[in-house]
Amino acid sequence: MAYNQLKYRKNFGLLIAFVILVTMLFGVAMFAARSMIANFIETEFNNRKVEVFDRSVQPFHEFFNDKIPEISYYQGYLDSVKAASYVSDVIRKYAFVDRVLFYDITITNSDSIETGIKYNHLLVYPKSITSFHLDKDNRLIAQRPENTLTRAYIDDFNTMVLKFVGFLDRVNESTSMSDNDIYRVFYTLNPGKVTYMNIPRIADLLVYKRMMSAPDTTVVAYDQDMFMFLIDPSKIQIKNVALNLYEKIEILPIVSGSVSDQHFYLQTELPLPGALSDYKLQYTSSEEFFNKEINRRFFPVSLGISAVYLILILIAYLIYRNVTINSRLFQLQYDFINNLTHEFKTPVSVIKIAGNNIQSSEKLSAEEQRMYGKILDQEADKLNSLMNKLLSFAQIENKSIKPNKEEVGVEEFCEPIFEAVRLKYADLNFSYAIDVQNNMVVDTTLLLSVFQNLIDNAYKYSEPQRKFLHIDVQQNKKNFVIKFKDKGIGINKKEFNSIFKKFYRVKNQFNQQGSIGLGLAFCKEIVDFMGGEIKVDSMPGQGTTFTLLLPLGPKRTK
């Protein structure tokens, strides 16, 4: 049979295609995952701006809806001292309130000429206007506005009063003020300003209406208060609750454009409400900042994808390794069959030749009979030894037999073996040393096979001028330590893990003429079978030392 017909088929093309496909899928999965994360972050960038907006303008809503209405608790009778106390609390608590104007208003039916609004017989005018603000030392400063400013503030006053007297025209005894009426009549919102008039009782409103329509009534005067809050939106504290999304959040004039050349990868904005309507909240993130957030979220995803990829590559590697090992095992088994055939063929051929000679010879001399008898006996012993080794190896490997342990003295076991060595290998420089206190409890037949294999290897794998073997038998607290030290050709360290595998043969000039690769594997199986351990230490060209560790038996001295 031709060699190529017995060659192990290794179809690596399919394996390579699998690895390429998995690698392509890995790249596609990584790209798709990063793109999805980028799209998700961009969507979140646009969606979470409302959350930042609500948290940032919450103090303004609190000021507008809760703090301003506290003025009406005074029922229209605030003097400058109480006004200062109220304003101090507001202006210190809400930093965006830059200045507060307090209008001390008089409502009367007098015909006196004052700066204000006169509607029929009703006159509404400010007795005084006081401006409050904090100085650089955080002290509350109260002062009268300059004349030019006063005229501007009078226009705001007139606007509020016109709404107020217009509402008086519609008041009757059944009137009840809704929230809509309150916001429409007693609030005025302009960019940067919130104006609020103290809300009178319905009874007071009816009195004001009678004063407006009855010319002959007694002249009376009532106090009324109005506050104007000047707002600086740039002082609103921005609360960035999504630091990982928004690199920069600013309050800018709504008509402002970009004043820098910096390119922002993402940008969005929301206009501020009411008195803040001239300004907007602008959210920006640079490409570098955006990519940093993508990478942060992508990292655990990439680890997961990479783990799956590595598992698939590991599977491919294991398949490759298995194919390679099977290929090597196939080659070893093929060599084993060839070598085993050779090992059987040689003695069988010798036996056949001897048998033919005996059969064809008409008469054999006594010397020829002895010679042919010796040949047949030796070759039969070789076949029997080979068969026994194969059978024993299979039984031990499959654990189909149990060790037949018996107690034997170390010297009693070793000396016959060593005497046989001297007779068999006359040119071997052989020595030994025994220093033990306990007897061995071993399967002597199996251990004898180990000794014979290691001794035969020491002789076989040594140059003619370096045939040396020293066997040292000692014991420690746990084991018998038996060392076989030779000066042979040695073994490369890379092969230490392979030489005890069945069918494995070290490639050298001594191993070309038939070795089935079972000797050291057989030794290891036997030693393991008896609960021991075998080790090797070697240097190419200097020699090899095999060490057997066999467990001590019962502590019974010789």
Side-chain angles (χ1 to χ4, degrees), residues 1-49 242-248 262-268 283-337 491-507 517 521 524 536 540:
M1 185 179 291
Y3 177 79
N4 58 1
Q5 291 178 318
L6 293 173
K7 188 174 181 181
Y8 188 82
R9 296 183 62 187
K10 297 179 287 187
N11 190 356
F12 289 127
L14 186 60
L15 191 60
I16 293 171
F18 172 76
V19 171
I20 292 173
L21 177 62
V22 168
T23 302
M24 290 175 61
L25 290 175
F26 170 74
V28 170
M30 294 288 272
F31 176 79
R34 199 176 193 283
S35 297
M36 289 178 63
I37 290 173
N39 291 335
F40 178 80
I41 294 175
E42 190 169 346
T43 301
E44 192 176 1
F45 179 91
N46 291 314
N47 290 343
R48 292 198 66 187
K49 63 182 180 181
L243 292 170
N244 59 320
L245 294 176
Y246 306 113
E247 182 179 12
K248 188 176 183 182
Q262 184 178 3
H263 171 66
F264 291 106
Y265 189 73
L266 291 176
Q267 188 174 68
T268 187
Y283 311 76
T284 54
S285 290
S286 65
E287 185 172 1
E288 181 181 357
F289 183 85
F290 183 69
N291 287 333
K292 186 183 297 183
E293 177 62 13
I294 292 176
N295 294 336
R296 186 185 71 82
R297 299 193 189 188
F298 179 64
F299 180 70
V301 177
S302 65
L303 285 182
I305 297 174
S306 299
V308 173
Y309 173 73
L310 290 176
I311 290 172
L312 293 176
I313 293 298
L314 177 61
I315 291 173
Y317 168 74
L318 292 176
I319 294 173
Y320 167 78
R321 183 172 174 269
N322 187 58
V323 170
T324 305
I325 291 173
N326 286 344
S327 173
R328 191 180 300 121
L329 182 60
F330 175 84
Q331 186 61 43
L332 290 173
Q333 290 173 333
Y334 179 73
D335 292 343
F336 168 73
I337 292 171
I491 304 170
N492 194 303
K493 184 175 284 189
K494 295 179 180 178
E495 298 186 280
F496 282 3
N497 293 328
S498 301
I499 58 175
F500 295 110
K501 296 178 181 177
K502 58 184 177 181
F503 311 137
Y504 185 84
R505 297 186 305 149
V506 177
K507 303 298 182 183
K524 180 169 176 31
V536 62

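Because only heavy atoms are used, hydrogens play no part in the values below, and waters and symmetry mates are left out as well, while side chains stay in.
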Undergrad: Closest heavy-atom contact between Ala38 and Ile294?
TA: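 Closest approach of Ala38 to Ile294, heavy atoms only: CB-CD1, 3.6 Å.
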
Undergrad: Please table the atom pairs, donor to acceptor, closer than 3.5 Å between any side-chain atom in residues 311-319 and protein atoms at least two apart or in another chain.
TA:
none

Undergrad: Hey, does Asn244 have a side-chain heavy atom less than 4.5 Å from the side chain of Arg297?
TA: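 Arg297 reaches Asn244 side chain to side chain.
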
Undergrad: Give a yes or no answer on whether the side chain of Tyr320 reaches the backbone of Leu15 with a donor-acceptor pair at less than 3.5 Å.
TA: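 Such a contact is absent between Tyr320 side chain and Leu15 backbone.
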
Undergrad: Report the residues that fulfil ring-ring contact (aromatic ring centres under 6.0 Å, His included) with Phe289, sequence neighbours left out, ordered by chain and then residue number.
TA: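 Counting only residues at least two positions away or on another chain, Phe289 forms no ring-ring contact (aromatic ring centres under 6.0 Å, His included).
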
Undergrad: Can you list every pair that meets ring pair (Phe, Tyr, Trp, His ring centres under 6.0 Å) and has a residue in residues 290-309, with sequence neighbours left out?
TA: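 Only Phe26-Tyr309, Tyr265-Phe290 qualify under ring pair (Phe, Tyr, Trp, His ring centres under 6.0 Å).
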
Undergrad: Taking C-beta and beyond as the side chain, do Lys292 and Arg296 meet within less than 4.5 Å on heavy atoms?
TA: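 When only atoms from C-beta onward are counted, Arg296 and Lys292 do not touch, as no gap falls below 4.5 Å.
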
Undergrad: Holding to salt bridge (Lys or Arg N to Asp or Glu O under 4.0 Å), I want the full list of residues that pass it with Lys524, two or more places apart in sequence or in another chain.
TA: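 Partners of Lys524 under the salt bridge (Lys or Arg N to Asp or Glu O under 4.0 Å) test: Asp528.
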
Undergrad: How would you list, by chain and number, every residue that makes a salt bridge (Lys or Arg N to Asp or Glu O under 4.0 Å) with Arg48, sequence neighbours excluded?
TA: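 Applying salt bridge (Lys or Arg N to Asp or Glu O under 4.0 Å) to Arg48 gives Glu44, Glu51.
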
Undergrad: Which heavy atom of Phe496 sits nearest to which heavy atom of Ile491, and what is that distance?
TA: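 Looking at all heavy atoms of both residues, the closest pair is CE1-O, 3.6 Å.
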
Undergrad: With a 3.5 Å distance limit and no angle check, can you tell me whether Ser285 reaches the backbone of Glu247 through a side-chain donor-acceptor pair?
TA: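 Answer holds: yes.
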
Undergrad: Run the side-chain contact (heavy atoms from CB on, under 4.5 Å) test against Ile20 and tell me which residues pass, sequence neighbours left out.
TA: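 So Ile20 forms a side-chain contact (heavy atoms from CB on, under 4.5 Å) with Ile16, Met24.
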
Undergrad: Should Arg34 and Met30 be marked as a side chain to side chain contact (heavy atoms under 4.5 Å, CB included) after you check the CA-CA gap, both sets of side-chain angles, and the distance that decides it?
TA: CA-CA 6 Å; Arg34 199 176 193 283; Met30 294 288 272; over 6 Å; no

